[in-house]
Number of protein chains: 2
Amino acid sequence: MNHSAQTKPDYERELRRAGVRITRPRRVILDILAATEDHPDAMEIFQRASTIDKSISLSTVYRTMKLLEGMGAIHRHAFEGGPARFEQASGDHHDHLIDLDTGDVIEFHSNRIEELQDEIARELGYEIVHHRLELYGRRRKASARK
Amino acid sequence: MNHSAQTKPDYERELRRAGVRITRPRRVILDILAATEDHPDAMEIFQRASTIDKSISLSTVYRTMKLLEGMGAIHRHAFEGGPARFEQASGDHHDHLIDLDTGDVIEFHSNRIEELQDEIARELGYEIVHHRLELYGRRRKASARK
DNA sequence: AATGCAATTGCAAATCGTTTGCAACTGAGG
DNA sequence: CCTCAGTTGCAAACGATTTGCAATTGCATT
């Protein structure tokens, strides 16, 4: 079926280990997530799933996403106005730059920023559990280069 | 802590200048916002308004918030799960640290982080229109100091 | 392979925060 | 104090997500 197992985490194994049943709907959704490079929302996942198995319901997509999120297998993002979007948790931590014109999501990471965040939290007497850094912008016009 | 009129923007003047009517509901909501130090959500504003004028509706609160947001008079924040929360736009720009246990919102600002954000966006060929940086954490135990 | 039962499903209805259509009302300029 | 577009309250509509429930289905056991 699919060859390159490299970037695709073995969710089934993880789920089994967590003691959850591997049902047909879950298998379909898991396959979709494993093959996904972007940040789809529940409806998109539902639609992709429907092309494989018409009987899968949107509720099951939501329930499965919640399950996977609880296991730490995926991350849920709530970008400005709009439904939650999901992505595999397998890769390294990163933040997001959202293209306001296209809705594209670009990932980036800055150790320096993370350090500064920790520092700030510490100074305020807090310990960061998680954070959210989203940049909303638009492509710079070529002429505006400097 | 607060030196009278200084921290309270004159919304009425601003609204009038923008050509919108100063109605009784708006005056009430404006007064509440001007007197507010925290980040209330629409329902909270509605409740505070109700104690002054029972006839004010939640719809009007929402409509007024949207109006003010459009004018740039207030900022709307969508913290994790939960309704939008508002705050006056008058002060300096800042980001937020949310106490996961109490829901408290602490404001902070880091020029260094902002600079790094700009730098990152620029490198990716983007121009930041706005951003969102939220730290979610809990108070550090006194014993954990270092 | 057949059995048993809790986990899981699909569906419809419920929920939450927010927006909207509409008829009644009201601010502010004449 | 008239006029009338701007504004309101109400209820219904909305989009995203969750939930109750009865029917179904994994899967551990025979």
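Proteins come first, then strands; the chains are lettered A, B, ... in the order of their sequence lines, and each starts at number 1.
- Spacing between atom CG of B/Leu15 and atom P of D/dG6 amounts to 15 Å, rounded to whole angstrom units.
- The CD1-P distance, from A/Ile29 to C/dT8, rounds to 13 Å in whole Å.
- With sequence neighbours excluded, no residue forms a salt bridge (charged side-chain N to carboxylate O under 4.0 Å, His left out) with A/Arg139.
- Rounded to whole Å, atom C1' of D/dG9 lies 14 Å from atom CZ of B/Arg26.
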Extract from the structure each pairing of a protein N or O with an N or O of nucleotides 13-15 of chain C at less than 3.5 Å, listing the distance.
none

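- When B/Val28, B/Leu58, B/Thr36, B/Ile29 are each tested for a side chain to side chain contact (heavy atoms under 4.5 Å, CB included) with B/Ile45, only one passes: B/Ile29.
- If you measure from atom CG of B/Leu30 to atom C1' of D/dT7, you get 15 Å, rounded to the nearest angstrom.
- The shortest side-chain heavy-atom distance between B/Leu68 and B/Leu15 falls under the 4.5 Å cut-off.
- Looking only at distances, no side-chain donor or acceptor of A/Arg85 sits under 3.5 Å from a matching main-chain atom of A/Asp38.
- In this structure, A/Ile56 places its CD1 atom 18 Å from P of D/dT24, rounding to the nearest Å.
- Side chain of B/Glu123 to backbone of B/Ile120: no donor-acceptor contact under 3.5 angstrom is found.
- Residues A/Ile32 and A/Ile52 form a side-chain contact, since some pair of their non-hydrogen atoms from C-beta on lies under 4.5 Å apart.
- The NE2-C1' distance, from A/His77 to D/dA16, rounds to 18 Å in whole Å.
- With rounding to whole Å, B/Asp53 atom CG is found 17 Å from D/dT7 atom P.
- Side-chain contact between A/Leu116 and B/Leu116: present, with at least one pair of heavy atoms (C-beta onward) separated by less than 4.5 Å.
- Comparing the axis of the opening five pairs of the helix from C/dA1-D/dT30 to C/dA13-D/dT18 with that of the closing five pairs yields an angle of 30°, rounded to 10°.
- Taking atom CZ on A/Phe46 and atom C1' on D/dA16, their separation rounds to 14 Å, with Å as the unit.
- Only one option out of A/Leu67, A/Thr64, A/Leu33 pairs with A/Ile74 in a side chain to side chain contact (heavy atoms under 4.5 Å, CB included); it is A/Leu33.
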Scoring nucleotides 17-30 of chain C by protein non-hydrogen atoms under 4.0 Å (B base, S sugar-phosphate only, - none) yields SBBBB----BBS--
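- Applying the ring pair (Phe, Tyr, Trp, His ring centres under 6.0 Å) test to every pair with at least one member in residues 105-126 of chain A, sequence neighbours left out, gives these pairs: A/His93-A/His109.
- Annotation: ring pair (Phe, Tyr, Trp, His ring centres under 6.0 Å) contacts involving residues 59-83 of chain B, sequence neighbours excluded, comprise B/His77-B/Phe79, B/His77-B/His96, B/Phe79-B/His96.
- Side-chain atoms of B/Arg26 come within 3.5 Å of backbone N or O of B/Arg21 as a donor-acceptor pair.
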